[in-house]
Amino acid sequence: MIPVFKVAMAPDAPERVAEVLRSGRVEHGPRADAFEVELGRRLGNPRVAAVNCATSGLHLALHLLVGRDPYRPDPTPERDEVLTTPFTFEGTNWPILGNGLKIRWVDTDPATLNIDLDDLERRISPRTRAIVVVHWLGFPLDLRKLDEVLDRAEQRLGFRPPVVEDCAQAWGATYREKPLGNHGNTAVYSFQTIKLLTAGGGGLVVLPDEELHRRALRTRWFGIDRADDRTRGEYEVPEWGFRFPMNEISAEIGLANLELVDDLLARHRANAHRFDKELQGVPGLEHTERPDDREPTFWAYPVKVEDRLGFMRRLDEAGIMTSIIARRNDEHVTVAAAREPLPGLDSVADRVCYLPVGWWLTEEQREHIVDTVRAGW
């Protein structure tokens, strides 16, 4: 079977990890620090904090921006909603609940599969505490339009809700020629096993200012400044925190894979561009939009098809794996109380599936996918 996802691992990663193990230092240390520095350099933003997974990163980001402290008064207790998309993996949205906040769903833009910014603007209210957006499959959201939405909300309501960008699938993506994490919001990347840049696990929080960066470095480790002298108990905890730091093993895997990720990304994009061209005009198949002001990663290749079950069955028979990646989150019993009509999502939720597009495809496999899809289902 031609897989939808495959783990990319640098050939020297095993020996580099062995060196870490032999060093006797496997918790957060110099390799994690080095990984942070290199990630910040590549993003063009040094205000980064490596964590043990992207879900922890999202939890930490929301805590920093809008977290509730039971020992401090909440100046805006009526603001308890976070606006977010149900068209994502559950790891995006469960941190909202983990921070004691309520989810309010925003519809999906059928053209891009990202959050519908017009619907988002309609739903920003006095109860809105924050907004979470997802760059689905590494396809950047229109961040300029998002800024315009927030400008109007601030004029209307007197406050500007902070935004967290879920960049889990978007390492290497750019919006207006700048990497995600440089557009004034807090951004979170994932280095989970099947991501384009993998550390075997882990994530990165990218902060828009120095104060948030200082707090992130402290609160990812119980709220303790690691530079304090703890051997004699001479340290203070100015705010409580978590145990979210990245370990040395993950950092070393990430450092090794940074050496090959640019080539992998180029292959994903080249395969996607071929599919864009060769799958045009297929009856029953619709592409997502491709605005020229952003460069996606194409972590997977989305198509909207008629008779999705038949489409997936036909590809399976041809030895081609497909996936729907995640169930729409608003269908889960866990968040049943938040359900409401989402016509844009309804129009695509049962039509979208994903084709293999990754660095592992051979020329023959790519042609086989194209020929199979063009032959119909």
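Residues take their numbers from the sequence shown, with the count starting at 1. All values below come from the heavy atoms of this structure, side chains included, with hydrogens, waters and symmetry mates left out.
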Trainee: When rounded to the nearest 0.5 angstrom, what distance separates CG in Asn114 from CH2 in Trp136?
Mentor: 10.0 Å
Trainee: Closest heavy-atom contact between Glu306 and Trp377?
Mentor: O-NE1, 2.8 Å
Trainee: Return yes if a side-chain donor-acceptor contact under 3.5 Å exists between Arg176 and Thr174, otherwise no.
Mentor: no
Trainee: Less than 4.5 Å apart, side chain to side chain, heavy atoms only: is that true for Leu39 and Glu36?
Mentor: no
Trainee: Can you pull the salt bridge (charged side-chain N to carboxylate O under 4.0 Å, His left out) pairs that have at least one residue in residues 364-377, sequence neighbours excluded?
Mentor: Glu363-Arg366
Trainee: State, yes or no, whether a side-chain contact exists between Trp171 and Leu43 at a heavy-atom distance under 4.5 Å.
Mentor: yes
Trainee: Taking Met1 as the fixed residue, which of Leu315, Ile320, Asp316 is the one that meets the side chain to side chain contact (heavy atoms under 4.5 Å, CB included) rule?
Mentor: Asp316
Trainee: Kindly indicate, with the supporting measurements, whether the criterion ring pair (Phe, Tyr, Trp, His ring centres under 6.0 Å) is fulfilled by Tyr235 and Phe222.
Mentor: CA-CA 12 Å; Tyr235 65 92; Phe222 302 112; over 10 Å; no
Trainee: Give a yes or no on whether the backbone of Asp12 and the side-chain of Glu15 come within a donor-acceptor separation of less than 3.5 Å.
Mentor: no
Trainee: Working to the nearest 0.5 Å, report the span between CD of Glu317 and OG1 of Thr372.
Mentor: 10.5 Å
Trainee: Do Leu355 and Leu285 share a hydrophobic cluster, counting only Ile, Leu, Val, Met, Phe, Trp and Tyr and linking them when any side-chain heavy atoms are less than 4.5 Å apart?
Mentor: yes
Trainee: For residues Phe139 and Val163: do they belong to one hydrophobic cluster (side chain heavy atoms under 4.5 Å, members Ile, Leu, Val, Met, Phe, Trp, Tyr)?
Mentor: no
Trainee: Quick check: Trp240 with His63 (ring centres under 6.0 Å apart)?
Mentor: yes
Trainee: Assess whether side-chain hydrogen bond (donor to acceptor under 3.5 Å, both in side chains) is satisfied between His332 and Glu90, documenting all intermediate values.
Mentor: CA-CA 10 Å; His332 292 303; Glu90 288 78 4; 2.6 Å; yes
Trainee: For a side-chain contact (heavy atoms from CB on, under 4.5 Å) check, start with the C-alpha distance between Asp307 and Leu309, then their side-chain angles and the critical distance, and finish with the verdict.
Mentor: CA-CA 6 Å; Asp307 183 17; Leu309 183 60; 4.3 Å; yes
Trainee: Output all residues satisfying side chain to side chain donor-acceptor pair (under 3.5 Å) with Arg127, sequence neighbours left out; order by chain, then residue number.
Mentor: Asp80
Trainee: May I ask whether Leu279 and Ile369 are part of the same hydrophobic cluster, defined by side-chain heavy atoms of I, L, V, M, F, W, Y residues being less than 4.5 angstrom apart, directly or through others?
Mentor: yes
Trainee: Apply the test side-chain contact (heavy atoms from CB on, under 4.5 Å) to residues Leu141 and Arg294: give CA-CA distance (whole Å), side-chain angles for both, the deciding distance (0.1 Å), then the verdict.
Mentor: CA-CA 9 Å; Leu141 181 72; Arg294 63 206 80 172; 5.8 Å; no
Trainee: Keeping to residues at least two apart or across chains, list the salt bridge (charged side-chain N to carboxylate O under 4.0 Å, His left out) pairs with something in residues 197-213.
Mentor: Glu211-Arg214
Trainee: At their closest point, which heavy atom of Thr76 faces which heavy atom of Arg129, and how far apart are they?
Mentor: O-NH1, 3.0 Å
Trainee: Decide yes or no on side-chain contact (heavy atoms from CB on, under 4.5 Å) for Val373 and Phe311, but give the supporting numbers first.
Mentor: CA-CA 8 Å; Val373 173; Phe311 178 82; 4.2 Å; yes
